[in-house]
Amino acid sequence: MRRSLYLIIAIGLVDVHCVSLRYILNALENELQYRAILLVESASEIESCWEQKYIQGAVPILNFNANQSLYLKDALNTNILALVCLNENVESTMQALYENLEDMRDTPTILFVLSDSKVQDVFLECLRRKMLNVLAFKGLDRGFVYSFRAFPTFRVIERNVMDILQYFEQQLEDLGGHTLTTLPDNIIPRTVVYKSPDGSRQLAGYLYPFLRNYVSTINATLKVCWHLVPEDGMIQLGEVVRLSEIHDVDFPLGMHGIEHGSTSQNVPLEVSSWFLMLPMEPSLSRAQFFIMLGFEKVTPVLLLLTILLSTAHRIEMGLRPSWRCYVLGDRVLQGTLGQAFFLPRRLSVKLMLVYSLILLNGFTFSNYSITSLETWLVHPPSGHPIHSWEQMRTLNLKVLIVPSELDSMTKALGKQFTESNSDLFELSKSGNFQDKRLAMDQSYAYPVTCTLWPLLEHAQIRLPKPEFRRSREMVLIPLLIMAMPLPKNSMFHKSLNRYRALTHQSGLYEFWFKRSFNELVALRKIHYKVNGDHQIYRDFEWQDFSYVWLGFVGGTIASILVLLAEIGYHRWQLNQN
């Protein structure tokens, strides 16, 4: 009888235990709205932490043991709740959990610690592996749940399940002044390293206030790893990421283009493109304005109209139509020279309408020509714009580029392209490259993205004519997503993504971007381009009419030759008669 009573009590306790687990899962379903459950157990089949019938529900279940792992992020895009049974081989089981949660370490996780391991030790290892959303139950007791606070100091928290309103608390809302580290790449205008009057190094650029304000929103302190930043020159982003992994830096402060897909640890910041900025072509000389009016385009039309009018005159005179129009040409020449002549009779209404249309067309073309000349005098057009790499080769214009960007260009355009145009590229050190591009040295063309180009374009607003222009034809990458690469399994990935969305929606990001130009001007890293020798307007000189003089002299010589030919023909006819 006593044994039966003990058995009934034991079964009741087990049932209560299982019901409490179901209660916890139901509460978590309302809190997390998870869509799948990941079960991770030891490889051997010994005492389990749960019974499957109490976990089965409306969501799918993924069951793994310590010898199995799968990269879930690519295969499963949903919210997951992880349940881990630590009954033996704690290290191997936790290693399987880390591998399954690669790049998704913020997954809510519940540990059921049945082994002799201390909950605090397991939590410390989870923190080292960048896992914050972790709860634990110790033994078979479901009445108390354990969690930890990572910042500002590590501490374990014990709570009664019946008193809990929220199981997983936000760890990144308040870091209590915890120090976070960053490593800038020193690429203008994103991050700019300079020295203050007291000799200490400071950081400017629009990415710095972006990150500094994010750190302040989570009540943390930002520290720049100055011992990893060189005194002069920029650090390539690949090197920044490598140093960040070695020295456990929280934020590599820089951006790179996601040309070949994306990874989950990138924070997209800008949509850009990569193109060449080319030296502005020299303006055309004034003498060439007169041959750009398009007279050669209307000459066939004028010839056709002359033939039609000549035919109309012949028909009115009772003659047959003819393609010969020299009679009308002679009449027009007489009228031009002011010689009076009389029409045989009044012109018809249709012919007068044709003359009116010709007169209106003459006025239109005359006004168009005068307007074009006046416009070109104030804003002279550029001559022979560069549209291809072959034109650059003809003009002996080279592209100044750093080796890392040449590698990116090779990946984007292909090895065959860079090898066939290798004579157009000149490699340079990063410091020299940045100095020449910011100074807008017209000896070279430069690759640039939409990140820097608006500032360089703004620096030329005081010039009557810009010194550089954006190439619309020579685009290296038309669509480029610029992103900040975070360390692997970063705890701040989702939080920083939300903050990025808020700064874009509020206009703060654009404000910091525009303000960075004034910062660069104050730091003498960039300046307004001013050309005091440029003369906006000057009077015409005789050299400006060189083509007009050439046409006049050529026409006069042709007229004299025609006159001599007519005189000679007339005398020849007299001799024949």
Side-chain angles (χ1 to χ4, degrees), residues 182-196 201-214 222 224 226 229-237 239-240 251-257 267-277 400-402 404-405 408 428-441 444-463 466-470 476-477 480-485 500 503-504 507-529:
T182 184
L183 176 59
D185 57 3
N186 195 21
I187 295 181
I188 297 174
R190 304 192 294 249
T191 56
V192 185
V193 178
Y194 67 97
K195 285 190 176 181
S196 62
R201 285 195 287 178
Q202 303 292 330
L203 191 60
Y206 67 92
L207 281 190
Y208 179 58
F210 169 80
L211 185 59
R212 182 187 59 200
N213 280 268
Y214 165 70
L222 186 63
V224 181
W226 293 117
V229 182
E231 290 286 343
D232 298 313
M234 59 185 182
I235 318 176
Q236 296 303 322
L237 196 59
E239 181 66 11
V240 172
F251 303 102
L253 194 55
M255 288 192 302
H256 66 163
V267 179
L269 293 177
E270 302 171 12
V271 177
S272 180
S273 62
W274 197 28
F275 50 87
L276 288 186
M277 67 177 221
L400 194 66
I401 194 169
V402 294
S404 61
E405 290 193 349
S408 300
S428 173
K429 294 182 178 179
S430 60
N432 179 61
F433 170 76
Q434 272 207 105
D435 292 341
K436 285 185 176 294
R437 186 170 63 174
L438 290 175
M440 285 182 274
D441 186 351
Y444 300 95
Y446 307 92
V448 67
T449 63
C450 290
T451 301
L452 180 61
W453 172 244
L455 302 184
L456 296 178
E457 192 175 29
H458 187 69
Q460 304 178 80
I461 61 173
R462 297 184 181 180
L463 291 174
E467 293 183 352
F468 276 84
R469 67 175 179 87
R470 171 180 180 172
L476 307 177
I477 301 178
L480 190 63
I481 300 177
M482 305 296 292
M484 179 187 296
R500 180 263 309 168
T503 55
H504 277 280
L508 271 177
Y509 191 88
E510 184 179 359
F511 168 74
W512 290 325
F513 177 80
K514 292 180 177 179
R515 191 181 62 177
S516 64
F517 179 81
N518 295 328
E519 291 181 349
L520 293 176
V521 171
L523 296 173
R524 298 182 181 179
K525 299 288 184 179
I526 196 173
H527 58 276
Y528 285 102
K529 298 287 289 184

Between [X] and [Y], is any pair of side-chain heavy atoms under 4.5 Å apart?
| X | Y | value |
| --- | --- | --- |
| Arg470 | Ser273 | yes |
| Leu452 | Arg190 | no |
| Tyr509 | Tyr206 | yes |
| Phe275 | Leu480 | no |
| Val521 | Ile526 | yes |
| Cys450 | Glu270 | no |
| Val240 | Leu253 | no |
| Phe210 | Arg500 | yes |

Please check if the number of heavy atoms outside Gln202 that lie under 6.0 Å from its CD is greater than 12.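 Yes, because the 6.0 Å sphere around CD of Gln202 holds more than 12 heavy atoms from other groups.
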Minimum heavy-atom separation for [X] to [Y], with atom names?
| X | Y | value |
| --- | --- | --- |
| Gly205 | Glu519 | N-OE1, 3.4 Å |
| Leu456 | Met277 | CD1-SD, 3.5 Å |
| Arg437 | Val448 | NH1-CA, 4.1 Å |
| Arg212 | Leu222 | CA-CD2, 4.1 Å |
| Tyr446 | Phe468 | CE1-CZ, 3.8 Å |
| Ala439 | Lys529 | O-NZ, 3.2 Å |

Aromatic contact between Phe517 and Tyr528, with the criterion being ring centroids under 6.0 Å apart: yes or no?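 Close enough - the centres of the two rings lie under 6.0 Å apart.
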Value rounded to 0.5 Å, distance of [atom1] in [X] from [atom2] in [Y]:
| X | Y | atom1 | atom2 | result |
| --- | --- | --- | --- | --- |
| Trp274 | Glu405 | CH2 | CD | 5.0 Å |
| Met440 | His527 | CE | NE2 | 6.5 Å |
| Leu438 | Leu455 | CG | CG | 9.0 Å |
| Phe433 | Ile401 | CZ | CD1 | 7.0 Å |
| Asp441 | Asp435 | CG | CG | 10.5 Å |
| Leu207 | Asp185 | CG | CG | 8.0 Å |

Can you check whether [Y]'s main-chain N or O pairs, donor with acceptor, with [X]'s side chain at less than 3.5 Å?
| X | Y | value |
| --- | --- | --- |
| Asn186 | Val193 | yes |
| His504 | Glu510 | no |
| Glu467 | Gln460 | no |
| Arg201 | Val229 | yes |

As a quick check of understanding, evaluate side-chain contact (heavy atoms from CB on, under 4.5 Å) for Phe511 and Thr503, giving each step before the final call. CA-CA 10 Å; Phe511 168 74; Thr503 55; over 6 Å; no
